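This report refers to the structure that appears directly beneath it.
Since we're looking at a predicted model, the values are computed, not measured.
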Amino acid sequence: MKNLKIYFDEDINKELIKSKKIAIVGFGSQGYGQGLNLRDSGCDVIFGLRQGGKSDIKAKDYGLTTMSIADAVKKADIVQILIPDEVQAKVYKEEIEPNLRPCQYLMFSHGFNIHYGFITPPDGVGVIMVAPKAPGHTVRSQYTEGKGVPSLVAIEKDI
C-alpha cells in the first residue's frame with residue numbers, strides 16, 4: 001500500500017484524453033454520469049447502445065451521439081464498458097471483442113469480469129479501470145457543482 005499515490009486535477013494533463021474518441025457502452029447510472037461529464041469536459045464521446053432501446057432514446061434526448069455497440073467500438077480509441085457486470089461478458093464476446101483492434105483501451109468501472117477472467121482482452125489492447133466511489137447521478141451532480149468524487153484508478157495492462 002505504500003506505493004499508492006493520490007492524484008489531484010493539477011497532477012494530470014487533461015488535454016491528453018481530449019485527443020481520443022471514447023465509446024461508452026451503456027447509458028445507465030454510470031454511463032449517464034461519466035458520459036455527460038466527459039462530454040462536458042470537451043472529450044469526443046460516442047455511445048454504443050442497443051439502437052431504439054430505452055437507453056438509446058434517453059441518450060438521444062440529451063443530444064448525444066449513439067450507434068450500435070459494434071460501430072462504436074470500431075470508431076473508438078477507448079471503449080468504456082458501463083453495462084451491468086452480469087451481461088458484460090456476453091456483450092463483450094458478441095459485440096466488442098470482434099471489433100477490437102490493437103492500440104485500443106478497454107476501460108471499466110468495476111473489475112469483476114477482468115479479475116475473474118470472464119473477459120480476456122487480446123494482446124495489444126490495454127485495460128484500465130476508473131471507478132468512481134459514487135452512483136452515476138452523484139458523479140454527475142457533483143461535476144455540475146464544480147466538484148468531484150473520489151475514484152480508484154488501476155492499470156491492468158498498458159500497451
Side-chain angles (χ1 to χ4, degrees), residues 12 14-141 143 149 151-159:
I12 61 170
K14 292 184 241 176
E15 295 303 312
L16 293 174
I17 198 167
K18 292 179 183 178
S19 68
K20 307 297 181 194
K21 183 174 288 294
I22 304 165
I24 296 182
V25 178
F27 197 67
S29 177
Q30 289 297 333
Y32 159 82
Q34 293 184 51
L36 290 176
N37 291 358
L38 285 165
R39 180 204 61 189
D40 291 351
S41 294
C43 294
D44 185 2
V45 180
I46 55 177
F47 288 82
L49 303 170
R50 186 173 44 85
Q51 295 297 278
K54 288 190 303 186
S55 292
D56 179 51
I57 293 165
K58 182 178 172 186
K60 285 177 177 165
D61 286 345
Y62 282 95
L64 301 171
T65 301
T66 73
M67 60 193 67
S68 71
I69 294 170
D71 286 343
V73 171
K74 289 174 189 174
K75 293 178 181 283
D77 300 301
I78 300 167
V79 179
Q80 188 172 14
I81 302 175
L82 295 175
I83 54 178
D85 285 334
E86 62 269 17
V87 299
Q88 282 183 14
K90 181 180 187 312
V91 171
Y92 174 81
K93 195 70 173 160
E94 294 174 0
E95 300 181 64
I96 298 171
E97 185 178 45
N99 297 296
L100 287 173
R101 66 182 184 282
C103 298
Q104 284 178 302
Y105 275 87
L106 290 175
M107 183 162 55
F108 298 85
S109 284
H110 191 261
F112 181 87
N113 282 290
I114 292 293
H115 180 76
Y116 289 104
F118 295 111
I119 293 176
T120 304
D123 290 340
V125 173
V127 179
I128 55 180
M129 180 180 75
V130 176
K133 304 299 15 160
H137 286 47
T138 302
V139 170
R140 180 64 178 162
S141 66
Y143 176 89
V149 299
S151 298
L152 301 176
V153 177
I155 300 169
E156 171 71 16
K157 185 169 88 172
D158 196 8
I159 50 171

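Judged as a side chain to side chain contact (heavy atoms under 4.5 Å, CB included), and not counting sequence neighbours, the contacts of E94 are K90. Residues satisfying the side chain to side chain contact (heavy atoms under 4.5 Å, CB included) test with E15, not counting sequence neighbours, are N13, K18. In this structure K20 satisfies the salt bridge (Lys or Arg N to Asp or Glu O under 4.0 Å) test with no other residue, sequence neighbours excluded. Remark: D85 engages no residue in a salt bridge (Lys or Arg N to Asp or Glu O under 4.0 Å) (not counting sequence neighbours).
Crowding of K93 atom NZ: a count of heavy atoms from other residues, nucleotides or ligands under 6.0 Å not exceeding 12. Within a 6.0 Å radius of NZ in K54, no more than 12 heavy atoms belonging to other residues, nucleotides or ligands are found. Within a 6.0 Å radius of CG in D123, no more than 12 heavy atoms belonging to other residues, nucleotides or ligands are found.
Residue P135 comes nearest to S29 through the heavy atom pair C-OG, 3.9 Å, listed as atom of the first residue, atom of the second, then distance. Taking every heavy atom of both residues into account, L106 and L100 meet most closely at CD2-CD2, 4.0 Å. Scanning all heavy atoms of the two residues, the minimum distance from L38 to I24 falls at CD1-CD1, 4.0 Å. Among all heavy-atom pairs drawn from E95 and I69, the shortest one is OE1-CB, 3.5 Å. In terms of heavy-atom proximity, I159 sits nearest to G126 at CG2-N, 3.6 Å. When every heavy atom of C43 is checked against every heavy atom of I22, the shortest pair comes out as CB-CD1, 4.1 Å.
At least one side-chain heavy atom of V79 sits less than 4.5 Å from a side-chain heavy atom of V25. The shortest side-chain heavy-atom distance between K133 and V149 does not fall under the 4.5 Å cut-off. Contact annotation: the side chain of Y143 never approaches that of L36 to less than 4.5 Å [non-hydrogen atoms, C-beta and beyond]. Counting only heavy atoms from C-beta outward, the side chains of D40 and R140 approach each other to under 4.5 Å. Between V73 and P98 the shortest side-chain heavy-atom distance does not fall below 4.5 Å.
Note that CZ of R50 and CD1 of I57 are 9.0 Å apart. Values are rounded to the nearest 0.5 Å. Atom CG of L49 and atom CG of L64 lie 9.0 Å apart (nearest 0.5 Å). If you take OG1 on T65 and CG on D44, they are separated by 8.0 Å, rounding to the nearest 0.5 Å.
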Side chain to side chain contact (heavy atoms under 4.5 Å, CB included) evaluation trace for V127 with F108: CA-CA 8 Å; V127 179; F108 298 85; 4.1 Å; yes
Audit row: F118, Y92, ring pair (Phe, Tyr, Trp, His ring centres under 6.0 Å) steps and yes/no: CA-CA 9 Å; F118 295 111; Y92 174 81; over 10 Å; no
Side chain to side chain contact (heavy atoms under 4.5 Å, CB included) assessment of Y105 paired with D158: CA-CA 8 Å; Y105 275 87; D158 196 8; 2.3 Å; yes
Derivation and outcome, side chain to side chain contact (heavy atoms under 4.5 Å, CB included), residues S109 and Q34: CA-CA 10 Å; S109 284; Q34 293 184 51; 3.0 Å; yes
Side chain to side chain contact (heavy atoms under 4.5 Å, CB included) between I46 and M67, worked out: CA-CA 8 Å; I46 55 177; M67 60 193 67; 4.0 Å; yes
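The backbone N or O of G35 sits nowhere less than 3.5 Å from a side-chain atom of Q80 that would complete a donor-acceptor pair.
For residues 66-79, the pairs satisfying side chain to side chain donor-acceptor pair (under 3.5 Å) are D56-T66, S68-D71, with sequence neighbours left out. Screening residues 112-121 for side chain to side chain donor-acceptor pair (under 3.5 Å), with sequence neighbours left out, gives Q88-N113.
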